[in-house]
Amino acid sequence: MKFSKAILVVVATAGICLAQPPAPLLIDVGHRTTISLNGPWHAIVDPYDTGLKDYRSHLRSQDGFFQNAKPKTPQDLIEYSFDKSETLNVPGDWNTQRPALLFYEGTVWYEKSFVFHPKPNIRVFLHLGAANYLSIMSVNGTVVCDHEGGFTSFNCEVTAALREGENFVVIYVNNQRKAEGVPTLSTDWWNYGGLTRDVQLVEVPERFIQDSFLHLVPGTLDQISGWVKLSDTTSGQKITVRIPELTLEKSVLTDRAGVAEFSFSAASLRRWSPEQPKLYKVELESGSDRVEDEIGFRSIEVRGHDILLNGSPLFLRGVSIHEEAPYRSGRAYTEDDAKILLGWAKELGANFVRLAHYPHNEHMLRMADRMGLMVWSEIPVYWDIKWDNPATLANAETQLTENITRDKNRASIVIWSVGNETPVTDARTKFMRSLVKTARGLDSTRLISAALQVQHRDGSTRIIDDPLGADLDVLGCNEYIGWYEGKPEDADKANWKSPYDKPLIMSEFGGGARYGLHGAADLRFSEEWQEDLYKHQTAMLDRIPFLRGTSPWILMDFRSPRRMLPGIQDFYNRKGLVSDQGQKKKAFYVLKKWYEAKAAHEPEY
Ligand code: GCB
């Protein structure tokens, strides 16, 4: 068998170069013919990477675990067995499926056998919603691709590796944190490992619709434009785009890149908004391939300090959310998880959510589209990563590209965020500027932001003057007055300034409270402290003239290895407005009241 260079690099453990990268991402797989590989997978926990390397740390060429070998005679020496290994459920992190794996960071091998019948003229892709962090995919003993990054979707073509009848997939997943990774060694969330999202086979014709982007032309409210890209670069291929409800249909021809552009005038368009999250059925057809999607159309822009949705200024009443499962803990991955989390946001009176700190599963975005919640989408460029390392930048660029590629047709997403609380240095600003440029190059229809921090103070005035602010459309800022900094009442004296004539979203503020812990407002971790903090914060926020949105930290308590205090935290960050068991804390109602008052002053769109 042939190993990719990436495996060698895994073995070397210094940096990761993707030698057998995934195929270009197929978007909208939910509307394609798929064969689900979800369910129980045999799993081998391999803390020493024994399935990859021998005792001299040399790469195994013939007897690695990708082979899924089974003894043929009683004399055969095979020191592993997928068949005899217990299973883990896919999708799902491994940490919350077995108590022994709660803190595990290392390698787990996954195996699934299935019956498959190849069809003539049909290509097949193995599609993973996400695998945290590094993964190597193989089919019937052949490595088909590898991938770095724990929160984005990817796929490998497996047409040639599949055979009639019995087949098996073996996937190596390693979630060891790496200094040069994205994210890096330190995060304030659980490093859930494994095949955390859906795994499926996707069937497409020989030549298929690879990618598409439909949106309102920036600066207009009724002009739809976009492009469709085929899987190959043959020019002159016909592509038909239809939006039946608007009686729009157009056929266009591909150029030499296999891309066809089109535009429509849609005078009777009902634009997407939180109040009326209208989605249209869009059909794309080319040759024997046909795919549809539900897409909303809206504009988003900034003018001075204002954020305009469909041409009207509005306030983004938001809340930050981790991809953490309500009630059962662990990574969220189901449609129901999305419904519960976003349902709580709606109950708060929100029209906006910040999906922190990495791209969430596709259910979240599709649910936000349907429920009418604007979204801030982010990549895990978090805290202090290796700004000078070109491989780290390439990795971040890839994750950003994968994020935008998958989600660019979701009307709910109004902001791409290129990172969170990154320290201001020249190397970092250069790195972040490169990400901003990439995001703009891929999508010129949305706003770009990042969660910054206060850099300077002038007495009680906080100044948001991070040089990256010059490159952003919207300033994001995280602040913790009343938790890490001073007392809640210190917010009463705080004023805010920025040299940039741009809208500000206070992308984080908040404090911890253990649900059910009651006491005076000055008792740390009591619901009363958190409640008091939200009262002082909202009063302060009302005094910031250029504030146009808030996404306090955070909707629900979430697991974090950094939060150890027994009896209070127990490895949970307790800044949730709702506990991990769905109990609403007192501060929830403070924010709800504030948002309801704001909404009462907002025009209808
Ligand atoms: C932050 C981070 C967030 C943390 C939060 C906290 O500034 O952006 O990831 O979880 O503070 O609770 O300290």
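Just so you know, ligand 1 is whichever comes first in the structure, and atom 1 is the first atom listed for that ligand.
Ranking protein heavy atoms by distance to atom 2 (C) of ligand 1, first place goes to E508 OE1, 3.2 Å. Nearest to atom 13 (O) of ligand 1 among the protein's heavy atoms is Y484 OH, 2.4 Å. The shortest contact between atom 10 (O) of ligand 1 and any protein heavy atom is with D188 OD2, 2.5 Å. Looking only at protein heavy atoms, the nearest one to atom 7 (O) of ligand 1 is E421 OE2, 2.2 Å.
Outside the 6.0 Å centre-distance limit, the rings of H305 and Y500 are not counted as a close aromatic pair.
Q399 and N395 share a side-chain donor-acceptor pair at under 3.5 Å.
Between D580 and R574 there is a salt bridge, since at least one side-chain N of the basic residue sits less than 4.0 Å from a carboxylate O of the acidic one. Using a 4.0 Å cut-off between a side-chain N of Lys or Arg and a carboxylate O of Asp or Glu, D471 and R440 do not qualify as a salt bridge. Note on E335 versus R366: no salt bridge recorded, every NZ/NE/NH1/NH2 to OD/OE distance being 4.0 Å or above. Salt-bridge check for D492 with K487: failed, with every basic side-chain N at 4.0 Å or more from each acidic carboxylate O.
Under 4.0 angstrom from ligand 1, there are no non-hydrogen atoms of T187. With a 4.0 Å cut-off on non-hydrogen atoms, E479 does not touch ligand 1 at all. No part of W189 comes within 4.0 Å of ligand 1, judged by heavy-atom distances. If you look at I554 next to ligand 1, there are no close heavy atoms at all, none under 4.0 Å.
Heavy-atom proximity to Y382, at under 4.0 Å, picks out these atoms of ligand 1: 2 (C), 3 (C), 4 (C), 9 (O). Using a 4.0 Å cut-off to heavy atoms of R563, the atoms of ligand 1 that qualify are 6 (C), 12 (O), 13 (O).
Among W553, Y480, F558, W383, the residue whose heavy atom lies nearest to atom 11 (O) of ligand 1 is Y480. Considering K575, H357, Q453 only, the shortest heavy-atom separation from atom 3 (C) of ligand 1 involves H357.
Of the possible polar contacts, one joining the R317 side chain to the G349 backbone as a donor-acceptor pair under 3.5 Å is found.
Scanning both residues, F558 and D188, for their nearest heavy atoms gives CE1-O, 2.9 Å.
Remark: distances from the non-hydrogen atoms of H322 to ligand 1 are all 4.0 Å or more.
Taking the centre and axis of the six-membered ring of F525, the NZ or CZ atom of R563 falls outside the cone set by 45° and 6.0 Å.
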